[in-house]
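Just so you know, ligand 1 is whichever comes first in the structure, and atom 1 is the first atom listed for that ligand.
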Amino acid sequence: MLITAVYPGTFDPITYGHSDIAQRAANMFDHVIFAVADSPHTNKRPVFTLAERVALAQTVFHPYDNIKVKSFSGLLINFAKKNKARIIIRGLRAVSDFEYEFQLAGMNRSLMPDIETVFLPTSPQYTYLSSTLAKEVARLGGNVQPFVHPCVYAALLAKMQANRQ
Ligand code: ADP
């Protein structure tokens with residue numbers, strides 16, 4: 001039986017930390033759905049629109065046959081069910097990620113008992129990387145090229161310039 005895994009997140013925007021996790025998941029499972037959340041929890045106000053976040057991820061994963069980018073809104077478990085996914089992928093950077101991720105996995109499990117969350121530890125070079133920091137460094141004029149795909153780099157520069165006007 002083919003196994004589909006969902007890797008959900010806000011991905012505002014996608015970084016090499018995210019793509020590394022997705023590619024490693026794609027080596028473990030038959031299909032990976034990179035699921036871009038439309039309406040994340042309220043304290044995250046995305047800088048990039050849903051369409052922009054999806055388009056950037058599509059460019060990044062273009063070379064990967066078994067990674068599909070989709071958007072979703074509402075409960076992740078409903079999206080997972082609709083796509084016949086039994087695995088949720090989450091990335092773990094540091095101890096600070098752990099508590100929230102552990103709660104989320106527990107909640108998802110109680111909502112849908114036959115779904116499993118699989119945590120993948122970040123690759124060491126991306127331990128300190130987050131979308132928030134990439135945006136902040138780009139805003140302050142720092143070089144974020146080592147942390148994001150060239151299409152994301154260009155989009156970040158354009159977005160920062162537009163926000164300055
Ligand atoms: P969310 O709104 O769900 O927190 P994010 O886009 O911030 O969405 O992150 C999606 C997932 O990717 C989370 O599981 C997060 O821990 C993981 N992640 C984010 N940055 C990295 C990174 N640098 N390395 C590994 N995993 C990461």
Side-chain angles (χ1 to χ4, degrees), residues 4-29 31-61 64 67-80 83 85-109 111-112 115-139 142-153 155-156 159:
T4 298
V6 179
Y7 177 28
T10 313
F11 307 119
D12 182 43
I14 179 172
T15 68
Y16 282 149
H18 298 131
S19 53
D20 173 65
I21 295 285
Q23 284 154 21
R24 285 160 55 202
N27 291 334
M28 298 167 65
F29 302 105
H31 301 289
V32 171
I33 300 174
F34 190 84
V36 184
D38 177 17
S39 45
H41 32 94
T42 46
N43 61 352
K44 294 210 173 188
R45 276 221 216 104
V47 166
F48 290 90
T49 66
L50 179 63
E52 287 171 335
R53 286 179 279 137
V54 166
L56 290 172
Q58 271 166 344
T59 304
V60 170
F61 295 123
Y64 298 88
I67 305 178
K68 290 266 165 307
V69 179
K70 291 188 179 186
S71 62
F72 76 101
S73 54
L75 270 183
L76 172 65
I77 51 138
N78 292 340
F79 176 81
N83 287 278
R86 290 163 29 213
I87 307 285
I88 294 173
I89 301 289
R90 296 289 287 177
L92 278 183
R93 278 161 296 190
V95 183
S96 52
D97 276 342
F98 185 78
E99 185 151 356
Y100 172 69
E101 292 293 340
F102 195 74
Q103 280 183 6
L104 194 66
M107 179 54 79
N108 281 330
R109 201 189 169 98
L111 291 171
M112 191 180 167
I115 207 151
E116 279 295 347
T117 298
V118 172
F119 293 115
L120 292 181
T122 184
S123 295
Q125 67 271 36
Y126 304 131
T127 305
Y128 304 106
L129 177 55
S130 67
S131 298
T132 305
L133 266 183
K135 284 180 287 196
E136 189 63 8
V137 172
R139 195 175 63 79
N143 181 20
V144 290
Q145 258 170 318
F147 310 121
V148 295
H149 186 279
C151 74
V152 178
Y153 178 66
L156 270 170
K159 187 65 84 179

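Taking the six-membered ring where the residue is Trp, Tyr16 and Tyr126 present tilted rings, their angle falling between 30° and 60°. Aromatic ring orientation, Phe98 versus Phe119: tilted (interplanar angle from 30° to 60°).
The side-chain heavy atoms of Lys135 and Pro13, taken from C-beta on, include a pair separated by under 4.5 Å. Residues Asp38 and Ser71 fail the side-chain proximity criterion, which asks for heavy atoms closer than 4.5 Å. Between Ser130 and Arg93 there is a side-chain heavy-atom pair separated by less than 4.5 Å. In this structure, the side chains of Met28 and Ile87 stay at 4.5 Å or more apart for every pair of heavy atoms. Taking the side chain as every heavy atom from C-beta outward, Asp12 and Arg45 never approach each other to under 4.5 Å. Side-chain contact between Ser19 and Phe61 is present, with heavy atoms from C-beta onward closer than 4.5 Å.
A heavy-atom separation below 4.0 Å is found between Pro8 and ligand 1. At least one heavy atom of Ile21 sits closer than 4.0 Å to an atom of ligand 1. Residue contact annotation: Tyr100 has no non-hydrogen atom under 4.0 Å from ligand 1.
Of all the heavy atoms of Ser131, none lies under 4.0 Å from any atom of ligand 1, so neither backbone nor side chain is involved. Contact annotation for Tyr16 and ligand 1: no heavy atom of the residue comes within less than 4.0 Å of the ligand.
When only interatomic distances are considered, the shortest N/O to N/O separation between Tyr126 and ligand 1 falls below 3.5 Å. Any N or O atom pair closer than 3.5 Å counts here, and Thr15 shares no such pair with ligand 1. Looking at Phe11 next to ligand 1, an N or O pair under 3.5 Å apart turns up.
Listed by number with element, the atoms of ligand 1 under 4.0 angstrom from any heavy atom of Gly9 are 3 (O), 8 (O), 10 (C). For ligand 1 and Glu101, the ligand atoms under 4.0 Å from any heavy atom of the residue are 13 (C), 14 (O), 16 (O).
Considering each of His18, Arg53, Arg90, the one bringing a non-hydrogen atom nearest atom 3 (O) of ligand 1 is Arg90.
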